[in-house]
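For reference, the structure is listed below as structure tokens.
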Amino acid sequence: PAPAPAPAPRVAYVPEVKKVKAAVFQGQGASAEMRLSSAGADLAGKEKVHYSDAKAKKDLADLEKQDKLAKAAAKGCAPLKKKEAKAMYAEYDEIEAKVEATEEAALAAESALTEARSRRATMTEMSQLASASSTARRVADQTVSRWIELEEMVEKHEEAGGDRP
């Protein structure tokens, strides 16, 4: 009889080491431009990725927005909700005209008081004009301080990655 074939030698199974593929745009500490520009380098020789200019700009804008949100999250502030942002920007757009109007009213009240002093008005009239002048100046100062406050809020909102509605 023919000899039995020799059994095949046993080989221990060794799983193939899989390479972990990280997202092209992922990375801590790198700016959006750096991550986008390194995307082509990561894929060099492997496969070609064709980006249109519009797609590249959109991706860059998205990455910059993500960077802003990450920085804002690190600082502990977040952009306003859409409704709140809309109300804030509406007030911000209108306040400059309001500041001018209140400043003009305060100046008019102060000039009326000065004119009354020069013509030696009665004490009652002087008291009323002084009160009106003081009130007008207070309103003007409050309007200016609100304008400054709104400017700071707009800056913080934009730094946190919020868009103007």
Side-chain angles (χ1 to χ4, degrees), residues 21-43 49-165:
K21 291 186 179 182
V24 172
F25 301 114
Q26 200 171 26
Q28 295 294 329
S31 70
E33 292 173 10
M34 181 61 130
R35 289 183 297 199
L36 187 62
S37 65
S38 67
D42 291 346
L43 297 175
V49 177
H50 298 284
Y51 278 113
S52 66
D53 288 339
K55 172 78 170 144
K57 286 179 183 177
K58 182 185 176 297
D59 286 349
L60 184 61
D62 288 346
L63 290 172
E64 287 174 350
K65 187 172 182 178
Q66 289 174 2
D67 284 346
K68 282 182 181 180
L69 290 173
K71 287 177 185 176
K75 288 181 183 178
C77 60
L80 296 173
K81 293 179 181 175
K82 191 172 186 176
K83 192 173 187 179
E84 294 169 342
K86 188 175 181 180
M88 178 186 66
Y89 277 105
E91 184 180 0
Y92 181 71
D93 291 339
E94 296 169 358
I95 198 154
E96 192 170 352
K98 192 174 182 180
V99 166
E100 289 178 19
T102 56
E103 283 291 331
E104 287 175 7
L107 289 174
E110 289 168 2
S111 66
L113 180 61
T114 305
E115 188 268 326
R117 282 187 187 141
S118 65
R119 64 177 169 83
R120 296 188 172 257
T122 64
M123 193 60 155
T124 306
E125 187 180 357
M126 292 284 288
S127 176
Q128 290 172 347
L129 288 172
S131 176
S133 175
S134 174
T135 302
R137 176 52 49 200
R138 192 173 335 106
V139 169
D141 291 344
Q142 288 172 347
T143 307
V144 169
S145 65
R146 178 62 181 163
W147 185 23
I148 293 169
E149 183 180 315
L150 281 170
E151 281 184 334
E152 290 172 357
M153 288 171 59
V154 165
E155 275 183 25
K156 285 182 182 179
H157 177 71
E158 289 174 354
E159 284 176 5
D163 294 327
R164 186 177 180 119

So, for [X] and [Y], which heavy atoms are closest and what is the spacing to 0.1 Å?
X      : Y      : value
Ser118 : Glu115 : OG-O, 2.7 Å
Ala116 : Leu129 : CB-CD1, 3.3 Å
Thr102 : Val139 : CG2-CG1, 3.9 Å
Leu113 : Ala130 : CD1-N, 3.8 Å

Distance check, rounded to the nearest 0.5 Å: [X] atom [atom1] versus [Y] atom [atom2]?
X      : Y      : atom1 : atom2 : result
Glu151 : Ile95  : CD    : CD1   : 9.0 Å
Thr143 : Glu100 : OG1   : CD    : 12.0 Å
Glu94  : Trp147 : CD    : CH2   : 14.5 Å

SB check Glu84 Lys81 (cutoff 4.0 Å):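 Result for this pair is no, no salt bridge flagged.
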
NZ/NE/NH1/NH2 to OD/OE distance under 4.0 Å, Glu91 and Lys98: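 Not counted as a salt bridge, because no side-chain N and carboxylate O are separated by less than 4.0 Å.
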
CZ (Arg119) with more than 12 external heavy atoms under 6.0 Å: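 Atom CZ in Arg119 is packed in, count exceeds 12.
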
Other residues, nucleotides, ligands: >12 heavy atoms within 6.0 Å of Glu149 CD: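 Yes, because the 6.0 Å sphere around CD of Glu149 holds more than 12 heavy atoms from other groups.
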
Sequence neighbours excluded - ring pair (Phe, Tyr, Trp, His ring centres under 6.0 Å) pairs with any residue from residues 89-146: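 Sorted result for residues 89-146: Tyr89-His157.
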
Pairs touching residues 127-139 that satisfy side chain to side chain donor-acceptor pair (under 3.5 Å), sequence neighbours left out: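 Found Glu103-Arg137, Glu110-Arg137.
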
